[in-house]
Amino acid sequence: MAGRRVNVNVGVLGHIDSGKTALARALSTTASTAAFDKQPQSRERGVTLDLGFSCFSVPLPARLRQMLPAPEAVPEVGPESEEPQLQVTLVDCPGHASLIRTIIGGAQIIDLMMLVIDVTKGMQTQSAECLVIGQIACQKLLVVLNKIDLLAEGKRQAAIDKMTKKMQKTLENTKFRGAPVIPVAAKPGGPEAPETEAPQGISELIELLTSQISIPTRDPSGPFLMSVDHCFSIKGQGTVMTGTILSGSISLGDSVEIPALKVMKKVKSMQMFHMPVTSAMQGDRLGICVTQFDPKLLERGLVCAPESLHTIHAALISLEKIPYFRGALQTKAKFHITVGHETVMGRLMFFSPAPEHFNHKPVLDSFDFSREYLFQEQFLCKDLAPADNSKADQQSGKTTDGHCPQQQWALVEFEKPVTCPRLCLVIGSRLDADIHTNTCRLAFHGTLLHGLEDKNYAESFLPKLKVYKLKHKHGVVERVMDDCSVIGRSLFKKETNIQLFVGLKVHLSTGEMGVIDSAFGQSGKFKVHIPGGLSPESKKILAPVFKKRGRAGRREVAREEEGTEQPEPSQPVTLSLTFKRYVFDTQKRMVQSP
Ligand SMILES: Nc1nc2c(ncn2[C@@H]2O[C@H](COP(=O)(O)OP(=O)(O)OP(=O)(O)O)[C@@H](O)[C@H]2O)c(=O)[nH]1
Ligand SMILES: [Mg+2]
């Protein structure tokens with residue numbers, strides 16, 4: 001076990017100016033003192049790290065030694081005498097609202113998130129957004145209350161206790177309920193304070209962090225994918241890309257693709273923790289040296305196994321609304337869509353299961369093209385007011401008393417093609433919203449189930465997607481012609497071509513089924529044939545018409561053709577016509593269930 005190391009990525013997220021960078025600095029410095037790291041030279045910077053990356057190592061806690069992957073999976077990188085080490089790579093994310101895309105990217109490569117809160121301010125807008133992102137992308141969380149030096153000395157503990165309770169309450173409604181909260185001062189005295197001023201609470205934080213960290217299961221199978229955070233060239237050797245392996249594994253001599261540059265490169269050498277290695281896998285921080293290319297072309301981005309990523313123009317996603325997002329998610333609305341590690345504008349169309357399948361369990365690893373789906377004007381959710389709901393029901397065909405489907409989907413059409421892995425995370429946000437208002441800009445999150453690579457997907461692919469709108473039309477029986485036919489009105493507009501509807505079934509409120517037979521006159525009226533004939537009760541209800549018609553005789557028909565009003569049944573008998581129209585059917589057929 002000697003000389004072995006494991007890496008975990010810990011994200012440092014929070015509102016602007018909460019002290020994330022100061023905290024990352026304090027952690028790396030404190031951890032490298034003798035108490036935590038006996039060999040000063042092992043205060044590794046890991047592979048060359050970008051601005052937002054720093055790291056420190058502590059002896060691997062005994063608790064984690066059993067969890068250490070098999071010896072062959074972990075490189076022997078230190079001198080034989082060295083204790084196994086836990087390397088904590090801190091991913092210092094920006095806090096400014098405009099950099100949320102970077103934050104989302106950062107959150108996807110971390111194993112644990114430290115949410116930094118300015119203890120004098122509490123939760124702020126971007127702290128809340130980070131918490132939302134954490135819930136989507138991370139498994140574990142730890143809250144750091146920073147700047148405790150700013151609290152009045154006499155009331156410090158009381159203020160810390162109060163804020164700790166407040167944070168615990170905030171976490172109560174999240175998946176991080178019960179997560180630890182810890183007070184620190186990363187840079188007591190603020191920017192003006194001398195560098196000699198020691199940070200407070202950092203040793204305790206490192207201890208807590210070490211106790212909270214678990215080594216996530218790392219899976220070497222699947223296609224190799226690495227998120228690159230730094231790229232530079234070494235004269236005479238090649239170009240080095242450093243980053244975190246998101247999936248799969250890699251060995252010396254393998255070919256990798258840089259999708260953004262559309263090039264393939266051979267791996268010439270690799271380093272982990274400054275030591276050469278011959279292979280690496282998911283979760284490792286790695287530097288890969290490949291044959292020379294201009295490092296300026298790839299500051300951040302992805303490298304992958306050849307042809308394992310797809311460049312797509314549209315996608316089918318499964319999604320959930322983020323409850324803090326105010327307002328509805330409307331079909332045709334545009335959002336900023338983060339797909340994997342890229343963000344582009346996209347337009348959405350929402351759809352749900354057919355109402356009888358509302359209770360089906362969500363399927364999050366594939367999209368079933370054999371099923372039919374119900375178009376929705378907007379994403380259905382419980383927080384729609386009941387009044388709104390009834391309107392939405394009518395428009396969307398939602399049948400049931402406000403109950404929501406277990407799973408909903410959207411077709412996303414991107415303004416620019418994006419390159420992403422299969423089943424990657426998708427986050428929709430409204431980044432154009434005013435960053436100074438106290439609202440959550442993150443609107444929904446989900447999983448990419450199917451990417452459309454063909455640029456002409458609208459013609460080549462969409463007709464296969466069976467999303468329908470349920471159309472209801474209502475009319476009334478105006479009068480009876482004979483036992484097996486009636487004249488209806490108010491179902492179509494005068495200008496409607498009734499011919500298109502001939503053969504469709506209509507239901508009478510008296511229970512009979514009829515078939516639209518032909519137009520009648522020029523005013524949108526039509527003749528309905530009732531194959532089973534009118535029942536005696538129905539005839540009774542429609543009787544007044546019978547009588548009047550009997551008296552009026554032929555004159556009635558003449559008047560009808562002039563378009564004058566007819567006497568009607570004492571109780572109106574309604575006609576209802578229901579059919580499906582598939583959104584992507586080029587022939588715009590009207591389909592009724594058998
Ligand atoms: N008094 C006091 N000031 C602090 C403390 N930690 C950080 N600061 C100050 O707060 C300011 C912001 O600190 P940063 O570490 O840059 O904050 P940040 O969260 O990284 O900011 P962004 O990356 O811009 O979001 C600086 O002026 C720090 O000196 C602290 O514990 N006490
Ligand atoms: Mg910072």
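Atoms within a ligand are numbered from 1 in the order they appear, just like the ligands themselves. Note that the coordinates shown come from a computational prediction; the quantities given were computed from them, not determined experimentally.
Inclusion of A186 in the set of residues having an N or O under 3.5 Å from an N or O of ligand 1 is warranted. Residue-to-ligand polar distances place G19 within reach of ligand 1: an N/O pair is separated by less than 3.5 Å. Distances between N or O atoms of P94 and those of ligand 1 include no value under 3.5 Å. Residue-to-ligand polar distances place T21 within reach of ligand 1: an N/O pair is separated by less than 3.5 Å.
Other residues, nucleotides and ligands contribute at most 12 non-hydrogen atoms within 6.0 Å of the NZ atom of K165. Heavy-atom neighbours of K140 NZ from other residues, nucleotides or ligands within 6.0 Å: above the threshold of 12. Heavy-atom contacts from other residues, nucleotides or ligands closer than 6.0 Å to CD of E172 number more than 12.
The nearest protein atom to atom 12 (C) of ligand 1, hydrogens excluded, is given as D17 OD1, 3.4 Å; this is a heavy-atom distance. Of all protein heavy atoms, the one lying nearest to atom 26 (C) of ligand 1 is P191 CD, 4.3 Å. Of the protein's heavy atoms, N146 ND2, 3.2 Å lies nearest to atom 6 (N) of ligand 1. In terms of protein heavy-atom proximity, atom 32 (N) of ligand 1 is nearest to D149 OD1, 2.7 Å. Nearest non-hydrogen protein atom to atom 18 (P) of ligand 1 is K20 N, 3.4 Å. The protein heavy atom nearest to atom 15 (O) of ligand 1 is A22 N, 2.8 Å.
Side-chain contact check for N146 and S18: no donor-acceptor pair (N or O, by modelled atom type) lies under 3.5 Å. Counted by atom type alone, S318 and T447 present zero donor-acceptor pairs between their side chains at under 3.5 Å. With 3.5 Å as the limit, one finds no donor-acceptor pair spanning the side chains of T244 and D284.
Taking every heavy atom of G189 and a limit of under 4.0 angstrom, the matching atoms of ligand 1 come to 1 (N). Listed by number with element, the atoms of ligand 1 under 4.0 Å from a non-hydrogen atom of A185 are 31 (O). The distance from ligand 1 to the heavy atoms of G190 drops below 4.0 Å at these ligand atoms: 1 (N), 2 (C), 3 (N), 29 (O).
Using a 4.0 Å cut-off between heavy atoms, I16 contacts ligand 1 through both its backbone and its side chain. Neither the backbone nor the side chain of V116 has any atom closer than 4.0 Å to an atom of ligand 1 (non-hydrogen atoms only). In L150, the part holding a heavy atom less than 4.0 Å from any atom of ligand 1 is the side chain.
At a cut-off of 2.8 Å, measuring from the Mg ion (ligand 2), the protein N, O or S atoms that fall short of it are T21 OG1, waters left aside.
One finds no salt bridge joining K262 and E257 here, because no Lys/Arg side-chain nitrogen approaches an Asp/Glu carboxylate oxygen to under 4.0 Å. One finds no salt bridge joining K265 and D254 here, because no Lys/Arg side-chain nitrogen approaches an Asp/Glu carboxylate oxygen to under 4.0 Å. Under the 4.0 Å criterion applied to side-chain N and carboxylate O atoms, K147 and D118 are assigned as salt-bridge partners. Look at D161 and R156 and you find no salt bridge, because none of the NZ, NE, NH1 or NH2 atoms lies under 4.0 Å from a carboxylate O.
When I110, L131, V116 are each tested for a side-chain contact (heavy atoms from CB on, under 4.5 Å) with L13, only one passes: I110. Partner of C231 under the side-chain contact (heavy atoms from CB on, under 4.5 Å) criterion, chosen from I258, T239, V240, D294: T239.
Residue nearest to atom 10 (O) of ligand 1, selected from K187, E192, K147: K147 (by heavy-atom distance).
The two residues G189 and D149 make their nearest non-hydrogen contact at N-OD2, 2.8 Å.
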Candidate pair Q282 and S247, rule side chain to side chain donor-acceptor pair (under 3.5 Å), full reasoning:
CA-CA 5 Å; Q282 187 183 49; S247 75; 5.8 Å; no
